[in-house]
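Structure first, commentary second.
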Amino acid sequence: MRYNETTRSGGALWWFFHRLSGLYLAIVLFVHVLVLHVLMKDELAYGTIAERVATPLWKTINISFLVVALMHGLYGLWLVLGDYIHRQWMRILIWCAIAVIGLVFTIYGALTMISFQYGG
Amino acid sequence: MAMITFRINRYNPDDERRGHYAQEYQLDVQKGTTLLDALNEIKWKQDGTLTFRRSCRSGICGSCAMTINGVNNLACETQVLGLGGSTITVEPMRGYPVIKDLVVSLDPLVRGILAVKPYMITHSPPPSDQERLQSPEEREKIDGLYECILCGSCTSSCPSFWADKEYIGPHAFLKAYRFVADSRDEGSAEHMEALDDRHGLWRCHTIFNCVEACPKDLNPTKAISELKKELVRRKLG
Amino acid sequence: MTNFDPETIHDVEGVPIHSVHRHDVVIVGAGLAGMRAAYEASSEFDVAVLSKVFPTRSHSGAAQGGIAASLANEEEDHWEWHMFDTVKGGDYLGDQDIIETLVKEAPIVVREFEHMGCPFSRTPEGRIAQRKFGGHTKDFGKGGPVLRACYAVDRTGHALLHTLYEQCIKNEVRFYPEFYALSLIVRDGVCRGLVAWDIINGGVHVFHAKTVMFGTGGYGKAFKITSNALANTGDGLSLVLRAGLPLEDMEFVQFHPTGLYKQGILVSEAVRGEGGYLLNKDGERFMERYAPEKMELAPRDLVARSIQTEINEGRGCGENGDYVHADLRHLGEEKIMKLLPQIHELAWKFLHVDCIREPIPIQPTAHYSMGGIPVDIDCQVLADGKEKPVKGFYAAGECSCVSVHGGNRLGTNSLLEASLFGRRAGKSIVRYLRESREFPELPADAAKDALAEVERILGASGTETVGAIREELQEKMMLECGIFRDAETLEKLAGELRELEKRFDKIGIDDRSEKFNYDLLEAIELGHMLDFSELIVAGALRREESRGAHSRTDHPDRDDKKWLKHTLAWKRDGRIEFDYKPVTITRFQPKERKY
Amino acid sequence: MRVIKRYRIHAGTFAWILHRLSGLGLIFYLLLHIWVISHLSGGEESFDGIMHFFGGPLFKLMEIGLVGVIFFHMFNGLRITLIDMGVMVEKQKTLFVIAIAVWLSCWGASAVVMISRMMSATG
Ligand SMILES: Cc1cc2nc3c(=O)[nH]c(=O)nc-3n(C[C@H](O)[C@H](O)[C@H](O)COP(=O)(O)OP(=O)(O)OC[C@H]3O[C@@H](n4cnc5c(N)ncnc54)[C@H](O)[C@@H]3O)c2cc1C
Ligand code: HEM
Ligand code: SF4
Ligand code: F3S
Ligand code: FES
């Protein structure tokens, strides 16, 4: 049995990123959940949301959250699939698919955030 | 004295069609009887075809690891009456190919060990007529690492191994870290080379089954977390 | 590296060609002796190691206490002192020229282990830590106990064994794990290889070799209460016997004083070395009566006999009065957990005794075989037991008898012996192979006996069971050829053994498959045990004196005039023949052994 | 050669399975969420429309579940991260109990707040 380059995963940095992003998400998400789902007084309505989303600070937070969460989550998905799928071509296929999904959703989400304007 | 039923998962390689099946044996068990004593008693007095590995019967050779009531342990260190209950299930360790009855193939274990270059690597020649010095504090760092008896309980219990037959395995990670942590070893990079691999460290999801299963109370997860950090440190320069 | 060349592979009758292997060196046994030799020889030659258990599961791994070497890391020590202790401990039966080699090379061997990465415990200065052990003293026995046993907590054997396995992996030694040696191929005084059984897949294999080495370990399993592993059935000894070669000093069997009650599992001598007391049922430190100076640290045979005497004279503990107590409580929890964790664990797991709070019930247990295959200082097996070597055949470790232990081995000297003579065997194999490039011819009927043996047992359908015969053998050996012996009982036992052998011819087995058939192996092993047990009994009967571990109640004194000599025994056509050879004495003249 | 496929489920296995499931749940929720939020750029009507769709009591209950899932993944993720940092590797069982306790109390508290708001909104 040889453990050689062709199976090398470069997992170290991804693993590290997973922990770091996890920490970041823990903070942002905790606030996010508290503010939006728990402590929210009114119905979630366009007005309340949109007002917040439009400020530059929230824009940055939201976009970074979007990117980090996508990367964290999709890499997590890759990890899960990688545990069970061992054929090389399947792995390549899945890696590509996940990358495409990631790219599409990042752009899609980011466009929503950036382009959004409210009351001004 | 108590009558205990031993429900043993059996498999005869000469009878592939029958596959795995459970067979029950009854035995009068006294206080102090270990599971290995009981199995021997069954083999010697009831059914000579019952097959399992054993040697030291004192918990140091690692031969008699098996799945007892659903958890891996050494038969020779298990007090039958200590398990409670009147039926005891005994199975070969999960995840390894079964050779016969409770005997499993050790190939995955050996493969994992070989992957981490399991020997001390030094480049500087040792001092002549003298040992390499190592302070008691440095020596303490390999406590909990060198005691591994290679029984295979840990890797057999690991869900990552169940999913990936080529997973290097916690026993081998522990071995790797035994050298990485040794102040005398100069080959950390070589021991860790195979670990940054898709069958390596990153397949470990901190499940802790290995720790629960280790009959020597070692902590492969701790070794794994140290190794992961070490690898990241090296990557980040 | 390999010698694989199909053209030159010989056909062996009854063995498929792919089951014929060739290696420069074929070693049987992956204990300290076998693997140390493999490590040494593999630097230059193609080495294969066969073992009936996976290498790291060899019984060397069970050794707890330490390995002796006069490193003087902790306090003053000299090889001369070590030599004196070994000679005296062996009751002057050890060959002193060889003992001198042993103690002089000991520090080299231990340091080499350290260089290989063995995780020894350390002194504050960072050197290998050393502890006291029974029988090891300062200043030729005049000073107190000396710190001489190098240790790795109380897992010394485990640490050494795994270190060697690692080094063998590094040297690309070819392992054949779970291969069982069935017979030796010795023709015309030349060893040509051996026949083995593949335990996992079944099938007879032939190993064609330029040199064969045995490191097959001890035979404690011939006794009911023993510290030895189930695999320690002394196969190597009877394989040698069956090849028409002699065995030496088989009557010397060491009983360790401190075995766990009933289980026989060893409670390391460290239990005494670190200051534990031995108490009888009255709570008396009875060693005062037997060795007022050394007390618990007297050598094992003496302590074992003292315990047995206490038990025999009705001062044993428990309902049946058949054990005494090893008491550690005064050491305190901290010291016990730091220095003797494994002993704490053993007592707890196997007897449910917490040695911090309770004394441990112990009884003497068959522990070590001083006798074995006669070899010279270069580990060459001696065809006549004296000086004529069998070409290409070596042995080391517990299965051999170079005679460094004489009539009684000192604690920590056997790990030393196994690794030191394993190393010497490796070196002399290398010297031999540098000279002889050719493989000796492999006879076509090389596997005949082995095939017949396997076939007979696999087809055996008699009414006797292996389990019953073995149990009887073990019980009888323990009771009638144990710590105390006398002519009458030994004679009776000799007859009983012959009965058992007859019954063995009528055994039946349950498992007839070829794959992983321990039923088959246990039957073969029983055959071996019956074979050499006869020699033990016959040797013990002849030796009309008490020396070292051999203690005759009808001849309680040592008799240097008649018995300062080694026993050599053959088995020819079912009859035992004896010869004797003198003991080499250089520095220390025999004296009465007092502690 | 065959292998045996049974083994006792220890706490760690249980946590791992839940972490997996929650992680997978969350990534699919996130993708959905991005799609939902994208309705913001569609203007007030489109957004409130979809929000209304998700505003029923059933979805409110599911939201409580979602918070539970997020909190589980979060606190278990923090537990794993602590282990990775070498914190309490030898006391993993205690850490496990702490993580579960924190998770349940945060979830419980949030659920109480959310349910009472739901009650007051409907009542
Ligand atoms: C419980 C215990 C504690 C001890 N503690 C100490 C101590 O503290 N200090 C000390 O100096 N000594 C100690 N000893 C003694 C010492 O451990 C042994 O004498 C020594 O380890 C023997 O080593 P070995 O290599 O000769 O044999 P072993 O280690 O017994 O190895 C024998 C090898 O031969 C193989 N083998 C045997 N038969 C066959 C066959 N037919 N086919 C294939 N392979 C075969 C086995 O598989 C095994 O690999 C202790 C012994 C015991 C039992
Ligand atoms: C939007 C939020 C999140 C999503 C979509 C998400 C998704 C995932 C997925 C799919 C996995 C893979 C699970 C596995 O390998 O078993 C995972 C793993 C992980 N997540 Fe999250 N996660 C999120 C938030 C968080 C948070 C807040 C943390 C908290 C620190 C966190 C920490 C982790 C960790 C440490 C792992 C690695 C577990 C492992 O290696 O098995 N995640 N995540
Ligand atoms: S780490 Fe523990 S369970 Fe794993 S092989 Fe070693 S002793 Fe066995
Ligand atoms: S069980 Fe397996 S996943 Fe990791 S913590 Fe142990 S190796
Ligand atoms: S028989 Fe050696 S560990 Fe159980």
Side-chain angles (χ1 to χ4, degrees), chain B residues 9-11 13 16 18-20 66-73 89-105 107-108 144 153 156-162 165 201 204-213 217-229 232, chain D residues 1-31 68-104 106-107:
Chain B
N9 188 300
R10 304 203 53 189
Y11 168 73
E16 278 279 358
R18 187 157 186 206
H20 293 274
M66 50 187 76
T67 309
I68 303 160
N69 282 350
V71 214
N72 291 346
N73 208 337
T89 348
V90 187
E91 294 161 300
M93 281 194 285
R94 180 169 180 175
Y96 302 130
V98 179
I99 291 175
K100 182 170 177 177
D101 292 350
L102 301 173
V103 177
V104 295
S105 167
D107 294 349
S153 293
S156 148
S157 76
C158 172
S160 293
F161 176 64
W162 304 340
K165 291 293 136 220
L201 277 179
C204 166
H205 304 295
T206 330
I207 296 171
F208 277 109
N209 270 14
C210 51
V211 178
E212 304 262 2
D217 292 333
L218 309 181
N219 196 328
T221 310
K222 188 176 168 198
I224 290 169
S225 97
E226 295 299 328
L227 285 170
K228 283 174 173 168
K229 278 185 289 185
V232 171
Chain D
M1 284 190 277
R2 306 165 191 234
V3 300
I4 292 285
K5 292 226 166 114
R6 283 184 291 276
Y7 202 78
R8 168 158 344 146
I9 298 196
H10 291 294
T13 323
F14 186 67
W16 165 68
I17 292 172
L18 282 189
H19 194 78
R20 275 226 140 152
L21 295 178
S22 61
L24 291 174
L26 287 178
I27 181 65
F28 290 116
Y29 171 78
L30 179 67
L31 297 181
V69 170
I70 292 178
F71 278 171
F72 177 82
H73 191 91
M74 183 161 99
F75 289 118
N76 193 53
L78 285 172
R79 177 184 73 100
I80 293 171
T81 309
L82 283 177
I83 298 282
D84 287 332
M85 281 161 38
V87 181
M88 291 182 85
V89 220
E90 263 139 17
K91 299 213 171 55
Q92 54 115 349
K93 287 197 172 149
T94 321
L95 185 62
F96 179 79
V97 172
I98 294 174
I100 296 292
V102 173
W103 166 50
L104 287 178
C106 279
W107 186 21

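Chain A is the first sequence line, chain B the second, and so forth, proteins listed ahead of strands; every chain is numbered from 1. Every heavy atom of this structure was used, including side-chain atoms; hydrogens, water molecules and symmetry mates were not.
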With chain D, the option among Val211(B), Ile224(B), Val104(B), Val71(B) that has the most non-hydrogen atom pairs under 4.5 Å is Val71(B)
Chain D interface, residue from Pro13(B), Ser157(B), Gly144(B), Ser156(B) that has the most non-hydrogen pairs under 4.5 Å
Ser157(B)
Taking Cys158(B)'s backbone N and O only, do any of them form a donor-acceptor pair with Tyr7(D)'s side chain (distance below 3.5 Å, no angle check)?
no
Donor-acceptor under 3.5 Å (Arg8(D) side chain, Asn69(B) main chain):
yes
Kindly indicate whether the side chain of [X], heavy atoms from C-beta on, has any atom under 4.5 Å from the side chain of [Y].
X	Y	value
His205(B)	Arg20(D)	yes
Glu226(B)	Val89(D)	no
Thr13(D)	Phe208(B)	no

Quick check for you: to the nearest 0.5 Å, what is the distance between Asn219(B) atom CG and Gln92(D) atom CD?
7.5 Å
What's the separation between atom CG in Asn76(D) and atom OG1 in Thr206(B), rounded to the nearest 0.5 Å?
9.5 Å
Do any of residues 95-103 of chain D have a heavy atom less than 4.5 Å from a heavy atom of chain B, and if so, which, in residue order?
none
If you count every heavy atom of other residues, nucleotides or ligands that lies below 6.0 Å from Ile17(D) atom CD1, does the total exceed 12?
yes
Working for side chain to side chain contact (heavy atoms under 4.5 Å, CB included), residues Arg6(D) and Asn9(B)
CA-CA 11 Å; Arg6(D) 283 184 291 276; Asn9(B) 188 300; 3.1 Å; yes
Which atoms form the tightest heavy-atom contact between Lys229(B) and Met85(D), and what is the distance?
NZ-O, 3.2 Å
